[in-house]
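Here the structure comes first, spelled out in structure tokens, and everything after it is commentary.
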Amino acid sequence: MHGSAAILAIAMAGAILPSSASAQEPAIDRADRVAIFKAAGAVQRDGRWVICVDDPATSGAVIEQVRDLNGDGRPEAVVVEEGSFCHGAAGTGYTLLGRQPDASWKVIDFNSGVPEFLDTVGEGGWPDISVGGPGFCFPVLRWNGSAYVPDRHEYEGRRCDPE
């Protein structure tokens with residue numbers, strides 16, 4: 001191959017093959033990884049962590065991100081698991097966990113849908129969560145100091161009416 005043909009072949013290979021960075025979970029040590037999955041309610045099955053144990057075809061749960069969401073200096077973790085068996089038309093579910101002062105992990109929120117952390121915040125600096133799924137008007141949850149509760153609906157940053 002010469003010139004543009006070689007570049008096209010390399011570009012196509014990159015588009016077809018997932019990058020190793022996107023396929024990997026965030027860098028955390030093994031002890032925290034196990035603690036996060038256990039706190040999320042996951043169990044080991046066939047070498048995978050599984051939250052929806054009734055799903056016969058689950059691919060398992062993954063830790064999608066670990067970062068400080070509320071500015072308290074401690075990380076939060078987002079565990080996701082795909083599958084319509086437990087999550088219906090949304091096809092995925094998430095568990096948000098926070099690292100506690102004693103280094104344990106605690107469930108902050110869990111839901112069916114794809115979480116998107118917004119720039120708007122509730123009590124204690126916790127970001128609002130848009131819970132995506134099928135449709136065009138998604139619920140936005142806000143932290144009230146003890147739980148994430150429904151606050152409004154939005155689509156592409158604008159309020160909407162789900163009716």
Side-chain angles (χ1 to χ4, degrees), residues 14-16 18-28 32-33 35-43 48-55 57-163:
I16 295 168
S19 75
S20 60
S22 66
Q24 294 177 353
E25 293 180 349
I28 53 173
D32 269 335
R33 181 178 155 79
I36 289 167
F37 280 124
K38 285 184 175 181
V43 296
R48 295 173 293 190
W49 287 98
V50 176
I51 296 172
C52 180
V53 296
D54 294 329
D55 186 347
T58 183
S59 58
V62 296
I63 300 170
E64 185 175 81
Q65 58 181 294
V66 177
R67 64 185 173 112
D68 184 0
L69 291 171
N70 64 350
D72 67 356
R74 294 188 309 267
E76 281 73 46
V78 179
V79 177
V80 297
E81 185 174 45
E82 294 183 0
S84 59
F85 190 90
C86 285
H87 302 293
T92 191
Y94 72 89
T95 304
L96 170 63
L97 302 103
R99 188 169 192 137
Q100 302 303 294
D102 67 359
S104 66
W105 291 88
K106 176 184 172 186
V107 173
I108 304 299
D109 187 52
F110 62 93
N111 211 329
S112 290
V114 179
E116 177 187 353
F117 298 99
L118 305 177
D119 291 334
T120 53
V121 297
E123 291 289 322
W126 285 93
D128 290 351
I129 304 173
S130 173
V131 183
F136 298 100
C137 188
F138 306 123
V140 175
L141 308 177
R142 174 164 281 182
W143 183 254
N144 68 7
S146 59
Y148 269 100
V149 296
D151 183 64
R152 63 190 181 279
H153 285 80
E154 287 186 0
Y155 180 67
E156 294 184 344
R158 290 189 218 124
R159 287 183 184 253
C160 58
D161 183 357
E163 302 301 318

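Scope of the values below: all heavy atoms of this structure, side chains included, with no hydrogens, waters or symmetry mates. Source: prediction; values computed, not measured.
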Next item on the list: Would you mind listing every ring pair (Phe, Tyr, Trp, His ring centres under 6.0 Å) that reaches into residues 110-152, with sequence neighbours excluded?
Entry: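 Residue pairs with at least one partner in residues 110-152: Trp126-Trp143, Phe136-Tyr155, Trp143-Tyr148.
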Item checked: Any donor-acceptor N or O pair under 3.5 Å, side chains Thr58, Glu81 ->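 Judged by distance alone, the side chains do pair up.
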Note to self: My understanding is that only residues two or more places apart in sequence, or in another chain, count here; which of them pass side-chain hydrogen bond (donor to acceptor under 3.5 Å, both in side chains) with Asp68?
What the structure shows: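 In terms of side-chain hydrogen bond (donor to acceptor under 3.5 Å, both in side chains), with neighbours along the sequence ignored, Asp68 is linked to no residue.
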Item checked: Which residues share a side-chain hydrogen bond (donor to acceptor under 3.5 Å, both in side chains) with His153, sequence neighbours left out ->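 Listed in chain order: nothing, the list is empty.
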Please give me the minimum heavy-atom distance between [X] and [Y], naming the atom from each residue.
X	Y	value
Pro115	Val78	CG-CG1, 4.1 Å
Val66	Ala77	CG2-CB, 4.1 Å
Arg33	Trp49	NH2-CD1, 4.3 Å

Item checked: Set of ring-ring contact (aromatic ring centres under 6.0 Å, His included) partners for Phe85, sequence neighbours left out ->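 For Phe85 there are no ring-ring contact (aromatic ring centres under 6.0 Å, His included) partners, ignoring immediate neighbours.
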Checklist line | pair Ile129-Tyr94: side-chain heavy atoms closer than 4.5 Å | finding: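 Side chain of Ile129 against side chain of Tyr94, heavy atoms only: contact under 4.5 Å found.
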Note to self: With heavy-atom distances below 4.5 Å as the criterion, would you say the side chains of Leu69 and Leu96 are in contact?
What the structure shows: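 With C-beta onward as the side chain, the pair touches.
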Notebook entry, point to check: What pairs of residues pass the side-chain hydrogen bond (donor to acceptor under 3.5 Å, both in side chains) test when at least one of them lies in residues 128-137, not counting sequence neighbours?
Noted result: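 Applying side-chain hydrogen bond (donor to acceptor under 3.5 Å, both in side chains) to every pair that reaches into residues 128-137, excluding sequence neighbours, yields Thr120-Asp128, Asp128-Arg142, Asp128-Arg152.
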Next item on the list: With sequence neighbours excluded, tell me which residues meet salt bridge (charged side-chain N to carboxylate O under 4.0 Å, His left out) with Asp151.
Entry: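 Result, salt bridge (charged side-chain N to carboxylate O under 4.0 Å, His left out) vs Asp151: none returned.
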